[in-house]
Colleague: 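Sending over a structure as structure tokens; questions will come in a sec.
Here is how names work: the chains are called A, B, and so on, in the same order as the sequence lines, proteins then strands, and each is numbered from 1.
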There are 2 protein chains.
Amino acid sequence: MPVSLLSQQLVEFYDKISSWEHSVVKDSGLSPTQMHTIEVIGHHQDLRMKELAERLAVTTGTLTVGIDKLEKLGLVERKPHESDRRSWLVGLTPAGQEMFAEHHRFHEEFTREISLGLSDDEIETLSGLMQKVLQRM
Amino acid sequence: MPVSLLSQQLVEFYDKISSWEHSVVKDSGLSPTQMHTIEVIGHHQDLRMKELAERLAVTTGTLTVGIDKLEKLGLVERKPHESDRRSWLVGLTPAGQEMFAEHHRFHEEFTREISLGLSDDEIETLSGLMQKVLQRM
DNA sequence: TTCAAATAACTTGACTTTCAAAATACAACC
DNA sequence: GGTTGTATTTTGAAAGTCAAGTTATTTGAA
């Protein structure tokens, strides 16, 4: 049952990433939710509230409150949408970008550490397989 | 930069698992937190409150409230610890075990679907690499 | 043995996150 | 132009969380 083993591994993998993320985020002063929001905005840059809410799997009502706080912290900013005056575009401020960049570096460092036991060839094989899997998700 | 690519893939992978989990759990009537608690108990069976709190990354105060609710729902039960009368052992009731088993089946089905693009050999290669990575986490 | 310190679980109060539903402003279509 | 749909915000209620304090029990040192 190779799938059964893989399933177990995914659960364990997901759990360990969660607790790693949890511990790293705690030191940043942001909540996990806030950091995740910064991450998603950082990756996609200038999202509408609706789009961002979907990606974060929360309602727009929830997001309004969350973005209010991040805006007060000076990490994100609302900009008017060019063609749709109902919409806002949410982007990172310079401080938000720095926060995003730092977290990004943490991710890379984490990835480097967990792949220490792998050769360069193995890392490429893993990336290739991951790519195939990601296409199905 | 093979690590950089892998890092990106891990973020995307984690995100997609999160949203899948989110949607599946919603149909179960439990909150994500509650389902995660059921999962951890199901995997380890009969944990002390302290141990369970550590694995869930919450304080024991938080866990007390959470277990109270799951106990009211008839999914978990507290049993006295044999040798330490300060401690409780938390385990799944038959209903809890069924909930756990169902969720476990969802995980396997999910794994099966995302690995549809992979040959049996590739699945085994992926498992092998995952195993090496898990050892570093 | 005895008692002070440590530990496990629980309680309480405050804060945050979340959603659903209602309100507001604007867009799109006929 | 008027109706319907869409994007966001507001509000009220429920759930999750922690820190700090409480109780019961265990551990270890005098």
Side-chain angles (χ1 to χ4, degrees), chain A residues 15 18-19 21-41 44 46-73 75-91, chain B residues 15 18-19 21-41 44 46-73 75-91:
Chain A
D15 260 25
S18 289
S19 73
E21 183 84 11
H22 196 269
S23 69
V24 166
V25 166
K26 214 168 46 183
D27 299 334
S28 73
L30 298 183
S31 72
T33 303
Q34 290 175 321
M35 185 59 88
H36 191 226
T37 305
I38 297 283
E39 273 188 274
V40 173
I41 302 175
H44 298 90
D46 288 354
L47 287 160
R48 289 181 308 126
M49 294 291 284
K50 185 79 189 305
E51 293 169 337
L52 184 52
E54 276 167 16
R55 290 189 188 277
L56 294 173
V58 297
T59 63
T60 56
T62 298
L63 187 59
T64 294
V65 181
I67 292 298
D68 284 350
K69 280 190 189 152
L70 288 174
E71 210 170 16
K72 277 207 187 76
L73 290 172
L75 298 172
V76 309
E77 59 187 352
R78 286 179 168 92
K79 293 170 280 190
H81 192 286
E82 315 159 332
S83 58
D84 188 342
R85 281 188 296 172
R86 294 169 306 177
S87 290
W88 294 99
L89 291 180
V90 184
Chain B
D15 259 25
S18 288
S19 72
E21 182 85 11
H22 196 269
S23 68
V24 166
V25 165
K26 213 166 49 182
D27 298 334
S28 73
L30 297 183
S31 72
T33 304
Q34 289 175 322
M35 186 58 88
H36 191 226
T37 305
I38 296 284
E39 273 189 274
V40 173
I41 302 174
H44 297 91
D46 288 355
L47 286 161
R48 289 181 309 125
M49 293 290 285
K50 185 79 189 305
E51 292 170 336
L52 184 52
E54 277 167 16
R55 290 188 187 277
L56 295 173
V58 297
T59 61
T60 56
T62 298
L63 187 59
T64 295
V65 180
I67 292 299
D68 284 350
K69 279 186 192 155
L70 288 173
E71 208 170 17
K72 277 207 187 77
L73 290 172
L75 298 173
V76 309
E77 59 187 352
R78 286 179 168 92
K79 293 168 282 191
H81 191 286
E82 314 158 331
S83 58
D84 187 341
R85 281 188 294 171
R86 294 170 305 178
S87 291
W88 293 98
L89 291 179
V90 183

Colleague: In whole Å, I'd like the distance from the CG atom of A/L52 to the P atom of D/dT8.
Modeller: 10 Å
Colleague: Give the rounded distance in Å between these two atoms: CH2 of B/W88 and P of C/dC10.
Modeller: 7 Å
Colleague: Rounded to whole Å, how long is the line connecting atom CG of A/L63 with atom P of C/dT17?
Modeller: 12 Å
Colleague: Quick one, A/T62 and A/L56 - any side-chain contact, counting heavy atoms below 4.5 Å?
Modeller: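 Heavy-atom side-chain distance check fails, nothing below 4.5 Å.
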Colleague: Answer yes when B/K50 and B/E54 have at least one side-chain N-carboxylate O distance shorter than 4.0 Å, and no when they do not.
Modeller: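 B/E54 and B/K50: salt-bridged.
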Colleague: Could you check whether any side-chain heavy atom of B/E21 comes within less than 4.5 Å of a side-chain heavy atom of B/H36, counting everything from C-beta outward?
Modeller: no
Colleague: For B/R48 and C/dC10, give me the distance from atom CZ to atom P, rounded to whole Å.
Modeller: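 Between P of C/dC10 and CZ of B/R48: 12 Å.
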Colleague: Within this structure, what is the NZ-to-C1' distance between B/K69 and D/dG16, rounded to whole angstrom?
Modeller: 7 Å
Colleague: To the nearest angstrom, how far is B/L73 atom CG from D/dA15 atom C1'?
Modeller: 13 Å
Colleague: Contact between B/V24 and B/M35 at the side-chain level, heavy atoms closer than 4.5 Å - yes or no?
Modeller: no
Colleague: Is any side-chain heavy atom of A/L89 closer than 4.5 Å to a side-chain heavy atom of A/R48?
Modeller: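 In short, these two side chains touch, coming nearer than 4.5 Å.
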Colleague: For DNA chain C, whose closest nucleotide is more 5', that of B/L47 or that of B/V65?
Modeller: B/L47
Colleague: Which nucleotide, D/dG16, D/dT17, C/dT17, lies nearest any side-chain atom of B/Q34?
Modeller: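 Of D/dG16, D/dT17, C/dT17, D/dG16 is nearest to the side chain of B/Q34.
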Colleague: Taking the minimum atom-to-atom distance to the side chain of B/S87, which one of C/dA9, C/dC19, D/dT10 wins?
Modeller: C/dA9
Colleague: Rounded to the nearest Å, what distance is computed from the CG atom of residue B/L70 to the P atom of nucleotide D/dA15?
Modeller: 13 Å
Colleague: How many Å lie between CD1 on A/I67 and P on D/dT9, as a whole number?
Modeller: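 A/I67 atom CD1 is separated from D/dT9 atom P by 9 Å.
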Colleague: Would you say that B/V76 contacts B/T37 through its side chain, given a criterion of any heavy-atom pair below 4.5 Å between the two side chains?
Modeller: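 The answer is no, as the side chains (C-beta and beyond) never meet within the 4.5 Å cut-off.
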Colleague: Would you mind reporting whether B/L75 and B/L30 have side-chain heavy atoms less than 4.5 Å apart?
Modeller: yes
Colleague: Checking contacts here: which listed nucleotide (D/dA7, C/dA9, D/dT9) is nearest the side-chain heavy atoms of A/R78?
Modeller: D/dT9
Colleague: By the 4.0 Å heavy-atom rule, please label B/A53 as base, sugar-phosphate, or nothing.
Modeller: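 It contacts nothing in the nucleic acid.
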Colleague: For D/dG16, does OP1 or OP2 lie under 4.0 Å from any side-chain N or O of B/S31?
Modeller: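 So the side chain of B/S31 is within the cut-off, an N or O lying under 4.0 Å from OP1 or OP2 of D/dG16.
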Colleague: Please tabulate, one pair per line, each protein N/O and nucleotide N/O from nucleotides 20-30 of chain C that are separated by under 3.5 Å, including the distance.
Modeller:
residue: C/dA27; atom: OP1; partner: A/R85; partner atom: N; Å: 3.1

Colleague: From the set C/dT11, C/dT18, D/dT17, return the single nucleotide nearest to any side-chain atom of B/T33.
Modeller: D/dT17
